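Proteins come first, then strands; the chains are lettered A, B, ... in the order of their sequence lines, and each starts at number 1. These figures come from a predicted structure and were not determined experimentally.
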Amino acid sequence: YGRCGSMTHACSMFKELPKRDVITWNSMITVYVKKGLSRDALKLYGEMLHDGIKPDEATYVNLLDACSSPTLLSEGKKLHDDLKVWGFDSHILVGTSLMNMYSRCGSWQQARDVFDNLTRRDVVSWNVMIDCCAQHQQSTDALQLFTDMQSDGVFPNKVTFLNVLQACSDDTRVSDGNHIHDLIVINSLESDVVIATALVTMYGKCGCLGDAWKLFSMIPDKNLVSWNTMVAGYIHEGCMEMALGLFEQMQLEGAMPN
RNA sequence: GUGGCUACAUU
């Protein structure tokens, strides 16, 4: 019911259950989190504890996802304290969720601290840390992490490239961006529409409109985001006639502006 | 039966 968008049905089912275990509580918490109802999710966690149900790793992975803006940093920290009591901080999914929480709450140094203390790191842990650095203007660190993960024997995936491209999205990083582009080609990912659009964004923000256009024009299945990206690239460089021209063209080609 | 990163505006 939650996945189908019916909060009402999910809630009444949950309430009517004669017995609730950790999985039913987790499921209900997830419904609230995915709906963006962070405070309600956290309230449910309080009730769960009050009912004497012991949370597990999944409980915290879900709840940490609810703490995704600086106003919820204190809640995220409380969860961090709680899960330490159970010894869940060494769990890789919990650790990665903690990093993500700190990153989205604006506390990138804390995210780094969790990352440095992880006993095991998989591709998602590296991706989250790279994204964290990219989001907080730490592009040198992001690129260093990209190198380090490979020295550590972890292969970059599509998300890794998306994240590291964001770290190359300014005019001081053109050569890094070119290098990442080469690696994307080597990994045969350049035909992916999401990757191709991320490359258009990167070149646009670097001021390389020629490269951005070349990639954009080769996308066979252009969607609204691809068009928006190319329009934004022109605007970024002050090419207003080109931007407006593309705005007309996208509509001729059936893309509805949002 | 429940759990982590996923391209476009502004920053």
Taken to the nearest whole Å, CG/Asn26(A) to C1'/G4(B) is 14 Å
When rounded to whole Å, the CG to P distance for the pair Asn127(A) and C5(B) reads 11 Å
- Query: So, do Met28(A) and Leu44(A) sit near enough that their side-chain heavy atoms are less than 4.5 Å apart?
  - Reply: yes
Can you check nucleotides 7-11 of chain B for protein contacts, nitrogen or oxygen pairs under 3.5 Å, and list what you find?
unit_1, atom_1, unit_2, atom_2, d
A7(B), O2', Ala198(A), N, 3.4
A7(B), N1, Asn223(A), ND2, 3.0
C8(B), O4', Thr229(A), OG1, 3.0
C8(B), O2, Asn228(A), ND2, 2.6

Between OH of Tyr102(A) and C1' of G4(B) the distance, given in whole Å, is 16 Å
By the 4.0 Å heavy-atom rule, please label Arg3(A) as base, sugar-phosphate, or nothing.
sugar-phosphate
CE/Met240(A): more than 12 non-hydrogen atoms of other groups inside 6.0 Å: yes
Q. Counting any heavy atom closer than 4.0 Å, what does Thr30(A) reach on the DNA or RNA strands: base, sugar-phosphate only, or nothing?
A. sugar-phosphate
Item to complete: Would you confirm whether Arg121(A), through its side chain, and Trp126(A), through its main-chain N or O, come within 3.5 Å as a donor-acceptor pair?
Response: no
Q: Check whether the ring centres of Trp25(A) and Tyr45(A) lie less than 6.0 Å apart, and answer yes or no.
A: no
Under the 3.5 angstrom rule, does the side chain of Asn187(A) hit a backbone N or O of Leu183(A) as a donor-acceptor pair? yes
Gln135(A) atom CD is separated from C5(B) atom P, nearest whole Å, by 14 Å
Rounded to whole Å, the CG-P distance (Asp65(A) to U2(B)) equals 16 Å
Just by distance, do the side chain of Gln150(A) and the backbone of Phe146(A) share a donor-acceptor pair under 3.5 Å? yes
Kindly indicate whether the side chain of His91(A) and the base of G4(B) share any N or O donor-acceptor pair separated by less than 3.5 Å?
no
message = Looking at Thr96(A), is its backbone amide N or carbonyl O close enough to the side chain of Asn100(A) to form a donor-acceptor pair, meaning the two atoms are under 3.5 Å apart?
response = no
Note, RNA chain B 5' to 3' with Watson-Crick or G-U pairs under 3.5 Å encoded as ( ), [ ], | and . gives ...........
To the nearest angstrom, the NZ-P distance between Lys34(A) and U6(B) comes to 11 Å
Sorted by number, residues from residues 49-57 of chain A placing a heavy atom under 4.0 Å from RNA chain B are Glu57(A)
Here the gap from Asp192(A) atom CG to Ile184(A) atom CD1, rounded to the nearest 0.5 Å, amounts to 9.5 Å
Rounded to whole Å, CE of Met99(A) lies from P of C5(B) at a distance of 12 Å
Considering only NZ, NE, NH1 and NH2 on the basic side and carboxylate oxygens on the acidic side, decide whether Arg104(A) and Asp65(A) come within less than 4.0 Å.
yes
Rounded to whole Å, the CH2-P distance (Trp25(A) to G3(B)) equals 18 Å
Report task. Keeping the roles fixed (side chain from Asp113(A), backbone from Gln109(A)), state whether a donor-acceptor pair exists under 3.5 Å. Result -> no
* To do: Give one of base, sugar-phosphate or nothing for Thr160(A), where a contact means two heavy atoms less than 4.0 Å apart.
  => nothing
Original post:
Quick one: the side chain of Ser97(A) and the base of G4(B), do they pair up donor-acceptor inside 3.5 Å?
Top reply: no
Students often get this wrong, so: under 4.0 angstrom with heavy atoms, is Val159(A) touching a base, only sugar-phosphate, or nothing? base
Checklist entry - Taking a hydrophobic cluster as the set of Ile, Leu, Val, Met, Phe, Trp and Tyr residues connected by side-chain heavy atoms closer than 4.5 Å, whether directly or through intermediates, do Trp213(A) and Val185(A) fall within one such cluster? => result no
**Request:** Count the heavy atoms of every other residue, nucleotide or ligand shown that sit under 6.0 Å from NZ of Lys54(A), and state whether that count exceeds 12.
**Result:** yes
